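Note that these values count all heavy atoms, side chains included, but never hydrogens, waters or copies made by symmetry. This structure is a prediction, so every number in the text was calculated from the model and none was measured.
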Amino acid sequence: MSENLHPLDDLNDQMMRRRQELDEIIARGINPFPYSYPVTAHAREILDTFTDDAPQRTVSVAGRIMSFRRMGKATFVHLQDSTGKIQLYLRKDDVEQYALLKLLDIGDIIGVKGFVFRTRMGEISIHVQDYELLAKSLRPLPVVKEKVDDEGNKIVYDPFKDKELRYRKRAVDLIVNPEVKEVFIKRSLLVRAIRRFLDERGYLEVETPILQPLYGGAAARPFVTHHNALDIDLYLRIADELFLKRLIVGGFEGVYEIGKDFRNEGMDRSHNPEFTMMELYVAYRDYEWMMELVEEMLRVVAVEVTGGAEVSFGGPAISFAPPFKRMTMMEAIEDKIGENLRGVPEKRLQEVAASLDIELEPSMGAGKIIDEIFSEAVQPDLVQPTFILDYPLEMSPLAKKHRSEEGLVERFELFVKGQEIANAFSELNDPLDQRRRFEEQVRLRARGDDEAMAFDEDFVEALEYGMPPTAGLGIGIDRLTMLMTGQESIRDVILFPTMRPEQGS
RNA sequence: GGGGCUGUAGCUCAGGUGGUAGAGCAUCUGCCUUUUAAGCAGAGGGUCGAUGGUUCGAGUCCAUCCAGCCUCACCA
């Protein structure tokens, strides 16, 4: 393909016309893509601060043309900047470049200078005295029209709502669906709130390898890639855990990382192959202490992102005001099915599972079966923030044995709206026990569990140097964002969710 | 991976029982100097997701494939 990648005859009539306009603009000696514009104000702030009796205010704003109402010798335009939309009023008598308007389109970026006033119909607008094209748009946008009804509700006509297109063409989505932008602004607020919360407590933000020779720290299938120079396969990390704990061995007393993990699993409303995880490890603390930290952190985040500890998006209000409800896993199951499964033989567990219509794999041990029963029977009912604690040992190979309960580990997960939001434990720091746990994982793998962890000899070696007692925590940032912004799909809190490539591209 | 639904103009959608496509908005032309889903008059625009098949003839029927959504399974 040596010729033009986008031959003109491939363009539709609207794109053809915009290119002709571009040529015409250039022919008039105007640079359709100039270098800067002195912006002095933004839409939101102009609308918020306008008063009818104040003296006229002159502003320069820049943004994208979202609509035209051309009336011959006067034109109304809605200009959208990063903060919102504001109406422009251009009169032939007042604007030298009025004729150039004919060559502008919805989607073009312009800068305008003028004074703020209120129109006869009551809309705060800018009476433009001077304007400049800042970037010509060559592709038609999905046109969204909206109006505000008598009750103040915004009605949107012909919304750009095709989810596939919205995710694939996120730039367009952000332009025409302003509420999308809001979600991602809140996501940023949320991450910032967490970071500030942890920084204030003196924990150090670090970065650990994404490319790893051996993956670990969670039960999941990994992505594999290849390093050419070393000629070795590397895995994309499924968790940060084992590297962060090496840092605790190294003498840091509190470290955290916010970054992407990658799991080669199915995708659905709450799973994207790459997702953002926050992991925190604090020396000399245990999971009891960590529960209190999580309570306080989520309260702060909720206030920061939503304005209050009570979060509601149509459904039942979720309260992030501490303390959260706490139950052991066994209590939660007993509450639900009326039977305490503590120390119950595997045979009986299988019967209970069967009575709940839970399908079991032959590779599942007692602990895994209990977890299945919990996920199936209890988890969906955990709407308000609830800590579930003390998990079966065999499904938590990195967690420390419970100080008083045989066969359990000191681990908790936090559930909200039936979803796991946080996972934490008193970290296993006994290298001999860790070795045995890894060996058990190897046996599970042999039994057919392809999510069982690999034996990380180097990690055990690090523990052998001595790791202080430590509390560890992982929080799924995407899911937390879903909770705090009322989104139902993880794809609505990830700017560019994983998509199958389009055909032919 | 299983099941259900969907894919027609730039956007949102109509298109009984098969006869090569329509609407609103957007676009273009004309009129209109405080309009606002501006208005009025006219016009252009589509390899109907892809490929095969049945048929004189397929957006419409059949098969396969591609993509998306929902749902179940697995996982955070």
Item to check | Presence of donor-acceptor pair under 3.5 Å, side chain of A:Asp13 and base of B:U27 | outcome: no

Checklist entry - Between A:Glu257 and A:Arg237, is the closest basic N to carboxylate O distance under 4.0 Å? => result yes

Checklist entry - Does any N or O donor sit under 3.5 Å from an N or O acceptor when you compare the side chain of A:Arg120 with the base of B:U34? => result no

Item to check | Complement of B:C40, any strand, by Watson-Crick or G-U distances under 3.5 angstrom | outcome: B:G30

Checklist outcome for this item: Test ring-ring contact (aromatic ring centres under 6.0 Å, His included), reference A:Phe324, set A:Phe415, A:Phe387, A:Phe412, output is A:Phe387

Next on the checklist: Donor-acceptor pair, distance only, cut-off 3.5 Å: does the side chain of A:Asp81 make one with the backbone of A:Gly84?
Outcome noted: yes

Checklist entry - So what's B:G10 paired with, Watson-Crick or G-U wobble, going by both distances under 3.5 Å? => result B:C25

Checklist entry - So which nucleotide does B:C65 pair with, by the Watson-Crick or G-U wobble rule with both distances under 3.5 Å? => result B:G49

Next on the checklist: Under 4.0 Å, counting only non-hydrogen atoms across every strand here, what does A:Glu274 touch: a base, just sugar-phosphate, or nothing?
Outcome noted: nothing

Next on the checklist: Does A:Arg263 reach a base, just sugar-phosphate, or nothing at all? Heavy atoms under 4.0 Å.
Outcome noted: base

Checklist entry - For A:His127, which contact category applies under a 4.0 Å heavy-atom criterion: base, sugar-phosphate, or nothing? => result nothing

Checklist entry - Is the shortest distance from a Lys or Arg side-chain nitrogen in A:Asp478 or A:Arg187 to a carboxylate oxygen in the other one below 4.0 Å? => result yes

Checklist entry - A:Lys85 near the nucleic acid: base, sugar-phosphate alone, or nothing, with a heavy-atom cut-off under 4.0 Å? => result nothing

Item to check | Span that lies between the P atom of B:C13 and that of B:C69, in whole angstrom | outcome: 15 Å

Checklist entry - Can you check the A:Met121 CE to B:G39 C1' distance for me, whole Å? => result 13 Å

Item to check | Whole-angstrom distance between B:U8 and B:G3, as gauged at atom C1' | outcome: 26 Å

Next on the checklist: Please classify the nucleic acid contact of A:Gln87 as base, sugar-phosphate, or nothing, using heavy-atom distances under 4.0 Å.
Outcome noted: base

Item to check | Nucleotide opposite B:G1 in a Watson-Crick or G-U pair, distances under 3.5 Å | outcome: B:C72

Next on the checklist: Please determine whether any donor N or O and acceptor N or O are separated by less than 3.5 Å between the side chain of A:Glu123 and the base of B:U35.
Outcome noted: no

Checklist entry - Taking the P atom of each, how far is B:C61 from B:U71, in whole Å? => result 27 Å

Next on the checklist: Base, sugar-phosphate or nothing for A:Glu420? Non-hydrogen atoms, less than 4.0 Å.
Outcome noted: sugar-phosphate

Checklist entry - Taking for each residue the nucleotide of RNA chain B with the nearest heavy atom, is it A:Phe160 or A:Arg70 whose nucleotide lies nearer the 5' end? => result A:Phe160

